[in-house]
Amino acid sequence: MHSDELAGRVAVVTGAARGIGLAIAQALIEHGAAMALWDVDAPALEQAAHALGEAAWPCVVDVTIADAVHTAVRQVVDRFGALHILVNNAGICPMTPFEQISEPEWERVLAVNLKGAFLCCQAAWPFLCDAGPRGRIINISSVAGQMGGVSVGVHYAASKAGLIGLTKALAHRLAPYGVTVNCVAPGTTATEMTAAWSREDLERAWARIPLGRLAQPDEIAAAVCYLASDRAAFITGATLDINGGLYVR
Ligand SMILES: NC(=O)c1ccc[n+]([C@@H]2O[C@H](COP(=O)([O-])OP(=O)(O)OC[C@H]3O[C@@H](n4cnc5c(N)ncnc54)[C@H](O)[C@@H]3O)[C@@H](O)[C@H]2O)c1
């Protein structure tokens with residue numbers, strides 16, 4: 001991919017303070033995009049923005065709060081003059097066993113992982129439509145949304161399956177404007193999210209991966225960059241699997 005392939009594009013990445021979101025932000029910047037980094041973790045966000053340099057603009061945004069999301073989208077457009085690429089990456093992954101999941105925990109997981117993406121899409125879509133064939137929504141789902149996961153909670157798997165449905169429905173809705181909507185479905189990836197898992201949960205997931213290792217965040221970011229580029233302009237409604245063979249369709 002050419003290093004300036006995304007020059008002139010403006011992106012929002014949610015959950016960008018660390019892990020996969022930070023790797024996505026870094027890769028988009030390396031290919032020329034300007035960027036708003038959204039996260040709820042203010043100190044980590046500042047650190048990430050400092051590391052990424054002046055192309056990255058950090059904003060504390062909780063994707064579950066509609067007013068905050070709408071205000072933040074407006075601020076991005078005021079600052080950069082446009083919005084071309086929305087990456088819905090913010091997510092949480094409690095490992096609570098099915099029979100112990102409380103109703104508030106179920107609602108929180110669905111709020112961050114699924115409602116948050118919906119709110120960001122709804123706030124951003126008029127500006128993405130203005131971007132026309134450069135407009136992109138890329139949702140970070142999970143292999144758990146496709147095959148139920150190995151160790152993760154059922155609420156997590158359900159939220160990530162919901163993201164795939166949201167992607168397909170929005171792909172139809174936004175196609176007339178030239179905007180594409182796709183998913184990336186990572187398998188187990190080496191981030192702080194999985195570092196917090198018990199050794200037993202991690203080993204169970206690892207043992208099921210035919211390629212014999214976890215994904216690295218920059219491998220997920222490379223797929224997002226591709227989907228954001230002009231080369232992927234005819235791909236919409238798709239889910240790109242990056243799971244080391246854990247789930248083969
Ligand atoms: N790590 C994996 O194995 C894996 C596998 C498949 C999919 N994913 C998905 O990839 C995405 C990133 O995962 P990660 O491993 O980098 O996780 P992570 O926990 O390392 O990072 C997630 C980021 O999201 C932020 N966040 C949480 N709630 C938020 C909210 N309400 N508003 C804004 N930001 C919020 C966190 O502060 C954090 O910086 C998640 O959606 C996750 O479900 C991860």
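Order of listing sets the numbers, starting from 1, for every ligand and every atom in it.
- Shown here is Gln47, whose CD atom has no more than 12 heavy atoms of other residues, nucleotides or ligands within 6.0 Å.
- Separating the NE2 atom in His31 from the CD atom in Glu5 is a distance of 7.0 Å, to the nearest 0.5 Å.
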Working for side chain to side chain contact (heavy atoms under 4.5 Å, CB included), residues Asn113 and Ile92: CA-CA 7 Å; Asn113 295 2; Ile92 55 174; 3.8 Å; yes
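- Side-chain N/O atoms of Thr189 and Gln216 include no donor and acceptor closer than 3.5 Å.
- In summary, of the residues considered (Glu105, Arg108, Lys160), a side chain to side chain donor-acceptor pair (under 3.5 Å) with His155 occurs for Glu105 alone.
- Contact annotation: for Thr189 versus ligand 1, heavy atoms closer than 4.0 Å belong to both the backbone and the side chain.
- Scanning all protein heavy atoms for the shortest distance to atom 22 (C) of ligand 1 gives Gly91 O, 3.8 Å.
- Remark: side-chain polar atoms of Asp39 are not paired, donor with acceptor, to backbone N or O of Leu45 under 3.5 angstrom.
- Hydrophobic clustering (ILVMFWY, side-chain heavy atoms < 4.5 Å, transitive): Val12 and Val184 are in distinct clusters.
- Looking only at protein heavy atoms, the nearest one to atom 16 (O) of ligand 1 is Ile20 N, 2.8 Å.
- Taking any N or O of Arg18, backbone or side chain, at least one lies under 3.5 Å from an N or O belonging to ligand 1.
- Close contacts between ligand 1 and Gly19 involve ligand atoms 16 (O) [criterion: under 4.0 Å to a heavy atom].
- Among protein heavy atoms, atom 42 (C) of ligand 1 sits closest to Tyr156 OH, 3.5 Å.
- Considering backbone and side-chain atoms alike, Thr188 places every N or O at 3.5 Å or more from each N or O of ligand 1.
- Protein heavy atom in closest approach to atom 38 (C) of ligand 1: Asp39 OD2, 3.5 Å.
- Close N/O approach between Asp41 and ligand 1 is not found [any backbone or side-chain N/O within under 3.5 Å].
- Looking at ligand 1, you won't find any N or O of Ile92 less than 3.5 Å from one of its N or O atoms.
- Listed by first and then second residue, the salt bridge (Lys or Arg N to Asp or Glu O under 4.0 Å) pairs that reach into residues 238-249 are Asp241-Arg249, sequence neighbours excluded.
- Here the protein heavy atom with the shortest distance to atom 14 (P) of ligand 1 is Thr191 OG1, 3.6 Å.
- Against a heavy-atom cut-off of under 4.0 Å, Gly15 is close to the following atoms of ligand 1: 23 (C), 24 (O), 25 (C), 34 (N).
- Residue contact annotation: Ser141 has a non-hydrogen atom under 4.0 Å from ligand 1.
- Looking only at protein heavy atoms, the nearest one to atom 40 (C) of ligand 1 is Asn89 O, 3.1 Å.
- Listed for the Arg136 side chain is a donor-acceptor partner under 3.5 Å among the backbone atoms of Leu227.
- The residues Arg9 and Asp230 are annotated as salt-bridged, a charged nitrogen and a carboxylate oxygen being separated by less than 4.0 angstrom.
- Taking 4.0 Å as the cut-off between side-chain N and carboxylate O, Glu107 and Lys115 do not count as a salt-bridged pair.
- Counting protein heavy atoms only, atom 29 (C) of ligand 1 is closest to Val40 CG2, 3.7 Å.
- Residue Asp62 has at least one nitrogen or oxygen atom sitting less than 3.5 Å from a nitrogen or oxygen atom of ligand 1, judged on distance alone.
- Summary of contacts: the protein heavy atom closest to atom 28 (N) of ligand 1 is Val112 CG1, 3.7 Å.
- Numbered from 1 in the order shown, with element, the atoms of ligand 1 that lie under 4.0 Å from a heavy atom of Thr194 read 1 (N), 2 (C), 3 (O).
- Considering backbone and side-chain N/O of Val63, one or more are found under 3.5 Å from N/O of ligand 1.
- Those atoms of ligand 1 with a heavy atom of Ala90 less than 4.0 angstrom away are 24 (O), 33 (C), 34 (N), 35 (C), 41 (O).
- Contacts with ligand 1 closer than 4.0 Å are made by backbone heavy atoms (N, CA, C, O) of Val61 only, the side chain lying farther away.
- Both tests pass for Arg173 against the ring of Trp125: distance under 6.0 Å to the centre and angle within 45° of the axis.
- Under the 4.0 angstrom criterion for non-hydrogen atoms, Leu214 is not in contact with ligand 1.
- Inspection of the Thr167 and Asn139 side chains reveals an N or O donor paired with an N or O acceptor under 3.5 Å.
- Lys168 contributes atom NZ, which lies 12.0 Å from atom OG1 of Thr236 (distance to the nearest 0.5 angstrom).
- Residue contacts with ligand 1 leave out Ala215, since none of its heavy atoms falls under 4.0 Å from the ligand.
- Proximity of Trp38 to ligand 1, defined as any heavy-atom pair under 4.0 Å, is not found for any part of the residue.
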